[in-house]
Amino acid sequence: MLILYTILVILVCSLVLYNIYNSWFLINARRRGKLPLRGKATMFDVRHLLMEGEKELAIQVYCEIFQTTPFKAKKDIEELERSLKV
């Protein structure tokens with residue numbers, strides 16, 4: 001039982017650290033001028049990020065715009081990326 005609790009604590013800590021990292025990642029990108037202000041992003045910004053090679057930021061912005069899951073956003077971003085390369 002102790003092992004189960006230990007695994008549960010490790011998972012919860014991992015999720016917390018992942019959320020902190022994502023928040024820091026977005027805040028830092030906004031400070032560098034890579035992202036527009038929260039709530040002001042458009043698909044133009046997503047396309048621009050993709051063209052600069054910032055796929056992870058593009059996925060985050062897409063999630064912010066359309067209030068979707070990261071999995072769905074990644075799928076849509078990859079489709080958009082393929083269409084831009086044609």
For the residue pair Pro70 and Cys63, what are the closest heavy atoms and their distance?
-> CA-SG, 3.6 Å

Taken to the nearest 0.5 Å, the spacing of Arg47 CZ from Ser83 OG works out to 8.5 Å

Rounded to the nearest 0.5 angstrom, the CD-CD1 distance for Glu81 and Ile59 is 8.5 Å

Tell me, which pairs form a side-chain hydrogen bond (donor to acceptor under 3.5 Å, both in side chains) where one or both residues lie in residues 6-15, sequence neighbours left out?
-> none

Rest of the hydrophobic cluster containing Leu8 (Ile/Leu/Val/Met/Phe/Trp/Tyr, side-chain heavy atoms under 4.5 Å)?
-> none

Reported CZ-to-CG distance for the pair Arg32 and Leu57, which is rounded to 0.5 angstrom = 6.5 Å

Would you mind listing the cluster partners of Ile7? Hydrophobic ones only (ILVMFWY), side-chain contacts under 4.5 Å, chaining allowed.
-> Ile3, Leu11

Listed once per pair and sorted, the ring-ring contact (aromatic ring centres under 6.0 Å, His included) pairs that draw on residues 27-79, sequence neighbours left out | Tyr62-Phe66

In the hydrophobic cluster built from side-chain contacts under 4.5 Å, what are the other members alongside Tyr18?
-> none

So the salt bridge (charged side-chain N to carboxylate O under 4.0 Å, His left out) pairs with at least one residue in residues 5-15 (sequence neighbours excluded) are none

With a cutoff of under 4.5 Å between side-chain heavy atoms, which Ile, Leu, Val, Met, Phe, Trp and Tyr residues group with Ile27?
-> none

Can you name the residues that form a side chain to side chain donor-acceptor pair (under 3.5 Å) with Thr68, not counting sequence neighbours?
-> none

Using the test side chain to side chain contact (heavy atoms under 4.5 Å, CB included), find all partners of Tyr21 that sit at least two apart in sequence or belong to another chain.
-> Trp24, Phe25

Euclidean distance, Leu35 CG relative to Glu54 CD, rounded to 0.5 Å = 8.5 Å

Step-by-step side-chain contact (heavy atoms from CB on, under 4.5 Å) determination, Met43 to Leu80 | CA-CA 10 Å; Met43 279 303 292; Leu80 178 62; 3.9 Å; yes

Could you tell me whether the side chain of Asn19 and the main chain of Val16 form a donor-acceptor pair under 3.5 Å?
-> no

Crowded around Lys55 NZ? As in, over 12 foreign heavy atoms under 6.0 Å?
-> yes

What distance do Leu15 atom CG and Ile20 atom CD1 have between them, rounded to the nearest 0.5 Å?
-> 11.0 Å

In chain order, what residues pass the salt bridge (charged side-chain N to carboxylate O under 4.0 Å, His left out) check against Asp76, with sequence neighbours excluded?
-> Lys72

Sorted by chain and number, sequence neighbours left out, salt bridge (charged side-chain N to carboxylate O under 4.0 Å, His left out) with Arg30 holds for Glu64

Nearest heavy-atom contact between Ile77 and Ala58 is CD1-O, 3.9 Å

With sequence neighbours left out, write down each residue that passes salt bridge (charged side-chain N to carboxylate O under 4.0 Å, His left out) with Glu52, or none if nothing qualifies.
-> Lys34

